[in-house]
K.L.:
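Pasting in a structure now, in structure tokens, and then I'll have a few things to ask.
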Protein chains: 4
Amino acid sequence: MNTQQMLRTHPDVRGHESEQLIRCIDECHACAQVCTSCADACVAERSVERLRQCIRLDLDCADLCLTTAALASRRTGSNEEVLRLTLEVCALACRRCAEECDKHASMHEHCRICAEACRSCQRACEEAVTDVGGGQQAH
Amino acid sequence: MNTQQMLRTHPDVRGHESEQLIRCIDECHACAQVCTSCADACVAERSVERLRQCIRLDLDCADLCLTTAALASRRTGSNEEVLRLTLEVCALACRRCAEECDKHASMHEHCRICAEACRSCQRACEEAVTDVGGGQQAH
Amino acid sequence: MNTQQMLRTHPDVRGHESEQLIRCIDECHACAQVCTSCADACVAERSVERLRQCIRLDLDCADLCLTTAALASRRTGSNEEVLRLTLEVCALACRRCAEECDKHASMHEHCRICAEACRSCQRACEEAVTDVGGGQQAH
Amino acid sequence: MNTQQMLRTHPDVRGHESEQLIRCIDECHACAQVCTSCADACVAERSVERLRQCIRLDLDCADLCLTTAALASRRTGSNEEVLRLTLEVCALACRRCAEECDKHASMHEHCRICAEACRSCQRACEEAVTDVGGGQQAH
């Protein structure tokens with residue numbers, strides 16, 4: 001991903017890009033892909049009846065990750081309080097999804113990988129929150 | 001929109017659909033369309049330089065509205081704490097977008113309509129929050 | 001939805017808005033909601049094992065409908081060949097989803113409603129295609 | 001990204017994953033991020049009036065890339081004709097966006113990087129098309 005290069009060349013960011021935000025954007029894209037794949041693989045499993053909650057949390061997590069990546073990518077003007085709260089709810093969605101996937105990790109490799117990706121994305125969102133101002137202009 | 005009919009026929013919902021959640025889903029779709037249109041119209045305006053913040057908030061609001069609509073539409077299993085926080089951040093994004101659009105409403109009719117749609121969606125999200133359990137199963 | 005009002009007040013559209021495109025945007029939002037709900041309801045059904053293909057087509061259709069609505073809402077500049085092809089693939093996704101939902105319509109009311117919404121959206125996309133220029137500027 | 005691992009562990013894919021499709025999914029996520037960033041950076045530029053068409057094509061391309069990544073990630077059941085056409089329209093959207101970004105590449109580094117990412121994603125979509133069956137079941 002070229003995320004770092006893109007934020008670096010943004011007219012309002014130059015020289016003030018946040019390493020945490022950049023990593024968070026990349027983790028959100030990676031996690032959205034994994035959650036979309038995991039939901040789809042769960043639907044195909046013979047034990048799909050035991051994976052209903054997993055499918056639900058995967059799909060919710062994928063949606064939130066993509067929205068978080070988009071909001072975190074925008075550096076024109078300021079919407080920092082919204083971004084901060086979005087990062088927080090994304091971190092929670094990742095945590096909930098990881099907890100559910102953990103239950104199926106020994107049976108389904110896609111759930112094991114998904115739990116890992118979700119925890120990694122959760123951490124990245126939590127670290128990015130600390131780097132985003134709340135309520136007032138960040139720049 | 002067939003939102004009410006769809007939630008009514010969901011195997012886990014039958015007879016317990018939330019009027020507030022249904023209205024919120026429809027408002028989120030309507031608001032996402034208006035914000036996408038408003039951002040695009042702002043880009044086309046001669047005074048685009050004064051509309052940068054408006055474009056930013058429009059795009060953030062559109063993304064959050066679509067994700068909120070998707071999460072609120074899912075009634076299988078439970079992800080109520082995530083849904084509740086998503087409704088709250090969506091309401092805030094709508095409020096911020098309405099405040100910014102208000103500043104341009106006398107000049108640009110699309111901003112006037114967008115401010116109205118955002119406030120309507122904000123209220124719908126706030127009312128839906130009160131109807132969603134937090135942390136534990138809602139049904 | 002305020003779609004008509006929004007397109008009417010766009011600086012590049014005034015007086016040249018397309019009724020077909022407006023209806024298509026609204027149908028795409030309605031269809032995306034129905035498909036998201038139908039996929040989620042299918043996951044909750046006891047007969048989920050027979051609904052795998054339905055879930056897949058629902059999710060694909062929902063994604064394409066939202067992207068089509070966003071592209072059709074943008075009237076700044078020109079991307080008409082891309083818009084035309086997107087409307088065509090969206091119409092096909094709606095047709096495939098309707099065909100699959102038809103198979104389950106007698107068992108599941110959500111599939112019956114979804115098949116109807118998909119056919120309605122398919123027609124709206126097909127009619128909008130005829131109103132969009134291909135390859136050259138439309139305005 | 002864990003895309004390869006995820007597709008490998010899908011119950012309907014095991015041993016038949018497509019290298020082309022995997023690369024295409026990753027390129028679509030990378031391109032969506034870059035296009036979202038480029039649109040946002042263009043809005044912030046002093047010369048925003050000359051970047052209207054660039055912003056439009058960036059946003060259209062980002063939407064199509066994310067939808068293409070989601071569709072290509074789903075391997076349950078079959079929707080191959082829709083996937084094939086989606087890959088084709090995504091490749092075209094990438095080409096159009098690259099052509100426009102090229103015009104501003106000497107002035108704006110984000111446009112130069114975006115043009116490159118779009119061409120890379122275009123090629124990945126075109127190569128993936130050849131690996132997707134059209135009209136009939138792929139598995």
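Every heavy atom of this structure was used, including side-chain atoms; hydrogens, water molecules and symmetry mates were not. Note that this is a predicted model, so its numbers are computed, not measured. In the text below, chain A, chain B and the rest are named by the order of the sequence lines, each starting its count at 1.
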K.L.:
So which of D:Glu45, D:His29, D:Glu116, D:Glu27 has the largest heavy-atom pair count under 4.5 angstrom toward chain A?
P.N.:
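Of D:Glu45, D:His29, D:Glu116, D:Glu27, D:His29 has the most heavy-atom pairs under 4.5 Å with chain A.
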K.L.:
Quick one: does A:Leu7's side chain get under 4.5 Å of D:Ser37's, heavy atoms only?
P.N.:
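Yes; the side chains approach each other to less than 4.5 Å.
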K.L.:
Atom CG of A:Asp26 and atom CE of D:Met1: how far apart are they, to the nearest 0.5 Å?
P.N.:
9.0 Å
K.L.:
Give the member of A:Pro11, A:Ser73, A:Cys38, A:Cys114 that has the highest number of heavy-atom pairs under 4.5 Å with chain D.
P.N.:
A:Pro11
K.L.:
Between A:Thr76 (side chain) and D:Asp40 (backbone), is there a donor-acceptor pair under 3.5 Å?
P.N.:
yes
K.L.:
Is the shortest side-chain heavy-atom distance between A:Gln33 and D:Met6 below 4.5 Å?
P.N.:
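A side-chain contact exists here, since the closest heavy-atom pair is under 4.5 Å.
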K.L.:
Between D:Ala44 and A:His10, what is the shortest heavy-atom contact and its length?
P.N.:
CB-CE1, 3.6 Å
K.L.:
Heavy atoms, side chains only, cut-off 4.5 Å: are D:Ile113 and A:Arg8 in contact?
P.N.:
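Side-chain contact under 4.5 Å: no.
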K.L.:
Please name the pair of heavy atoms, one in D:Ala70 and one in A:Thr36, separated by the smallest distance, quoted to 0.1 Å.
P.N.:
O-CG2, 4.2 Å
K.L.:
Using 0.5 Å steps for rounding, measure from the CD atom of A:Gln5 to the NE2 atom of D:His110.
P.N.:
13.0 Å
K.L.:
Please state whether the side chain, the backbone, both or neither of D:Cys42 comes within less than 4.5 Å of a heavy atom of chain A.
P.N.:
neither
